[in-house]
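I have placed the structure first, in the form of structure tokens, so that the comments after it can refer back to it.
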Amino acid sequence: MTDQTSFGTARGLLSAHGADLLRGDDGAVITSVETYALAVPLKRPIADSTAAMAHWTVPVVEVRTADGRVGTGISGVHCAPELLSDVILSYYADALLDTSSEDILGTWKRLYWLPTHWIGRAGVVHMALAMVDIALWDLAAQRAGMPLWRLLGGTQESVEAYNTDGGWLNLSDSELVRELTSLVDHGWSRVKIKVGRSDWREDARRVRAVRKALGDDVTLMCDANQRWDLSTANQIMPVLEEAAMDWVEEPFHADDLQAHTRLQSSTRLDVAAGESIYSYHQFASFMAADAIRVVQADVTRVGGVTEFLQVAAYAAARGLRLAPHAGDMMQVHQHLVGTVLSEVPPLVEFIPWTQEAFVERSVVREGLMERPQGPGASTAIEPAARVRWQIPAVGSARTL
């Protein structure tokens with residue numbers, strides 16, 4: 001018979017109790033875990049083929065240690081930040097308190113193999129794990145006195161970025177052309193547009209209009225947000241090839257390996273996916289099947305920095321492009337791209353929605369992202385932003 005008396009603190013056989021672990025440096029011991037969320041308003045409403053938004057929600061976890069440091073982990077969601085908070089406070093906190101923040105991989109494994117694994121190898125539970133993992137890497141970089149990219153062995157070199165914040169599906173054809181032309185005029189040479197309307201002919205018309213307006217020197221990508229089937233994709237693909245799309249992103253349901261494989265084998269364009277892929281194992285299956293050639297791992301969807309690096313290394317070994325999806329609005333990814341040895345130049349997605357929420361903001365000039373210089377993972381929340389945008393009744397704190 002199952003003991004129901006410790007529902008919130010249940011632990012699996014593969015997850016050691018914190019009291020059984022070596023604590024190491026007393027200053028690195030975790031003393032509190034706090035969660036909250038911000039609803040950051042957008043400058044204008046936007047929409048793709050699956051969602052319409054007027055704000056972007058940033059769930060936050062702050063992990064405090066005995067030496068007074070605070071590691072911050074973040075995510076990015078359309079809704080329901082309270083679910084991530086509940087996972088962290090009700091199930092992860094007991095496995096974190098009074099343990100060493102320096103034991104990053106060990107902590108990852110302990111949290112992953114909690115009983116929540118049975119209900120959450122993807123989605124909310126795994127995203128909560130990512131938040132904690134990011135916070136621990138933020139602490140590690142702070143303790144080392146350097147930015148995370150340097151701790152991971154990255155270089156000072158700027159990284160090329162592409163801009164998604166101009167190609168939204170709710171824009172009229174003329175608005176779309178005007179927005180993307182403005183981005184190019186401001187120095188962007190890589191831009192992405194949304195497709196996935198109910199009639200693929202509308203997408204075709206918009207793609208042709210954009211390519212005509214921007215000319216041949218601008219790199220153009222498109223994102224269907226999983227709205228096509230194979231028949232639709234096959235009908236529009238000649239138009240996308242004619243427009244010299246750099247990649248076709250999320251054409252099908254994220255779990256449909258066969259459809260991605262069939263499309264990739266039939267087109268000279270690269271198929272991209274990863275926004276809705278949550279594990280190294282699933283990415284490995286897609287890469288092994290040659291289903292995608294642009295790997296869009298998102299540090300907030302896979303299990304944080306720890307699992308992201310594993311995906312990145314596998315992609316590099318196969319000669320594939322790594323272009324992270326920006327659920328974090330680039331805050332963490334600006335540290336992660338270009339830290340794995342690869343012959344393929346790194347690329348990062350830029351969406352500027354949440355810049356004012358962070359103490360250390362991203363710097364992009366003429367389409368090139370500059371490496372952050374402050375110690376940590378650039379995730380610390382600006383106190384004024386928390387006052388302005390914190391969502392009431394989401395989050396709480398657990399302490400020793």
Side-chain angles (χ1 to χ4, degrees), residues 48-50 160-169 171-177 179-181 183-184 188-254 256-277 286-296 315 318-325 343-345 347 349 367:
D48 57 27
S49 61
T50 62
E160 190 163 9
Y162 73 94
N163 196 313
T164 295
D165 195 31
W168 300 108
L169 210 58
L171 300 175
S172 68
D173 292 14
S174 59
E175 289 171 333
L176 176 66
V177 168
E179 289 271 352
L180 294 178
T181 301
L183 290 180
V184 172
W188 291 95
S189 61
R190 293 176 177 268
V191 294
K192 187 166 72 180
I193 68 170
K194 296 290 186 175
V195 291
R197 290 196 167 186
S198 56
D199 186 343
W200 66 268
R201 295 172 187 82
E202 294 183 23
D203 288 329
R205 184 188 68 243
R206 289 161 66 86
V207 165
R208 287 183 172 122
V210 167
R211 176 52 79 194
K212 181 179 179 180
L214 299 186
D216 295 333
D217 293 335
V218 175
T219 300
L220 189 62
M221 307 91 153
C222 69
D223 181 1
N225 289 106
Q226 307 183 53
R227 300 310 298 163
W228 291 340
D229 53 26
L230 267 172
S231 175
T232 303
N234 287 333
Q235 290 180 90
I236 195 173
M237 200 56 60
V239 177
L240 304 183
E241 291 176 345
E242 175 190 327
M245 282 289 168
D246 191 34
W247 70 59
V248 181
E249 183 174 334
E250 280 204 314
F252 311 115
H253 189 286
D256 195 341
L257 174 61
Q258 184 181 42
H260 284 84
T261 303
R262 290 176 65 181
L263 181 64
Q264 185 63 89
S265 67
S266 67
T267 179
R268 65 177 183 269
L269 303 182
D270 286 345
V271 176
E275 172 180 351
S276 302
I277 298 178
F286 270 71
M287 287 187 266
D290 194 21
I292 56 174
R293 293 180 185 165
V294 180
V295 179
Q296 296 181 304
R318 300 185 69 89
L320 302 177
R321 286 195 282 173
L322 181 70
H325 170 262
E343 297 302 316
V344 183
L347 184 65
E349 182 176 24

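Below, each value reflects all heavy atoms present in this structure, side chains not excepted, and no hydrogens, waters or symmetry copies. Since the model is a prediction, treat every value here as computed from it, not as a measurement. All residue numbers in this chain count up from 1 along the given sequence.
Rounded to the nearest 0.5 angstrom, Ile292 CD1 and His260 NE2 are separated by 7.5 Å. Separating the OG1 atom in Thr181 from the CG atom in Leu214 is a distance of 5.0 Å, to the nearest 0.5 Å. One distance of note links CD of Glu250 with SG of Cys222; it measures 11.5 Å at 0.5 Å rounding. We find the OG1-CE distance between Thr267 and Met237 to be 5.0 Å, quoted to the nearest 0.5 Å. For the atom pair Leu240 CG and Trp247 CH2, the distance stands at 14.0 Å (nearest 0.5 Å). Put simply, CE on Met221 and CD on Glu249 are 9.0 Å apart, with the number rounded to the nearest 0.5 Å.
In this structure, Asn225 and Ser49 approach most closely via the heavy-atom pair CB-OG, 3.2 Å. Between Asp223 and Lys194, the shortest heavy-atom contact is OD2-NZ, 2.7 Å. For Ala213 against Val177, the heavy-atom pair with the smallest separation is CB-CG1, 3.5 Å. When every heavy atom of Ala289 is checked against every heavy atom of Thr261, the shortest pair comes out as O-CG2, 3.4 Å. The minimum heavy-atom distance linking Leu176 with Gly166 is given by the pair CD1-O, 3.7 Å. Heavy-atom minimum distance, Asp290 versus Gln264: O-CG, 3.3 Å.
With Arg197 contributing its side chain and Leu169 its backbone, the two residues share a donor-acceptor pair below 3.5 Å. Checked by atom type and distance alone, the side chain of Arg211 pairs as donor or acceptor with a backbone atom of Val218 at under 3.5 Å. Between the side chain of Asp203 and the backbone N or O of Gly196 there is at least one donor-acceptor pair closer than 3.5 Å.
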Inset, instruction - With side-chain contact (heavy atoms from CB on, under 4.5 Å) as the test, would you mind laying out the steps for Glu202 and Arg205 before giving the verdict? - result: CA-CA 5 Å; Glu202 294 183 23; Arg205 184 188 68 243; 4.0 Å; yes
Inset, instruction - Any chance you could lay out the side-chain contact (heavy atoms from CB on, under 4.5 Å) test for Arg206 and Val195, step after step, and finish with the verdict? - result: CA-CA 9 Å; Arg206 289 161 66 86; Val195 291; over 6 Å; no
Legend entry - Derivation of the side-chain contact (heavy atoms from CB on, under 4.5 Å) call for Trp228 and Ile236: CA-CA 10 Å; Trp228 291 340; Ile236 195 173; 3.7 Å; yes
Inset, instruction - Verify side-chain contact (heavy atoms from CB on, under 4.5 Å) between Leu220 and Val191, making sure each step is shown before the conclusion. - result: CA-CA 5 Å; Leu220 189 62; Val191 294; 3.8 Å; yes
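The residue from Gln296, His325, Arg190, Lys192 that alone fulfils the side-chain hydrogen bond (donor to acceptor under 3.5 Å, both in side chains) condition with Glu349 is Lys192.
In this structure, a donor-acceptor pair under 3.5 Å is present between the side chains of Gln226 and Ser276. Inspection of the Thr232 and Asp229 side chains reveals an N or O donor paired with an N or O acceptor under 3.5 Å.
The closest side-chain heavy-atom distance from Ile193 to Met245 is below 4.5 Å. The side-chain heavy atoms of Leu322 and Leu347, taken from C-beta on, include no pair separated by under 4.5 Å. Taking 4.5 Å as the limit, every side-chain heavy atom of Tyr162 sits out of range of all side-chain heavy atoms of Thr219.
A salt bridge links Asp246 with Arg321: at least one charged nitrogen is closer than 4.0 Å to a carboxylate oxygen.
Within a 6.0 Å sphere centred on CG of Asp199, heavy atoms belonging to other residues, nucleotides or ligands number more than 12.
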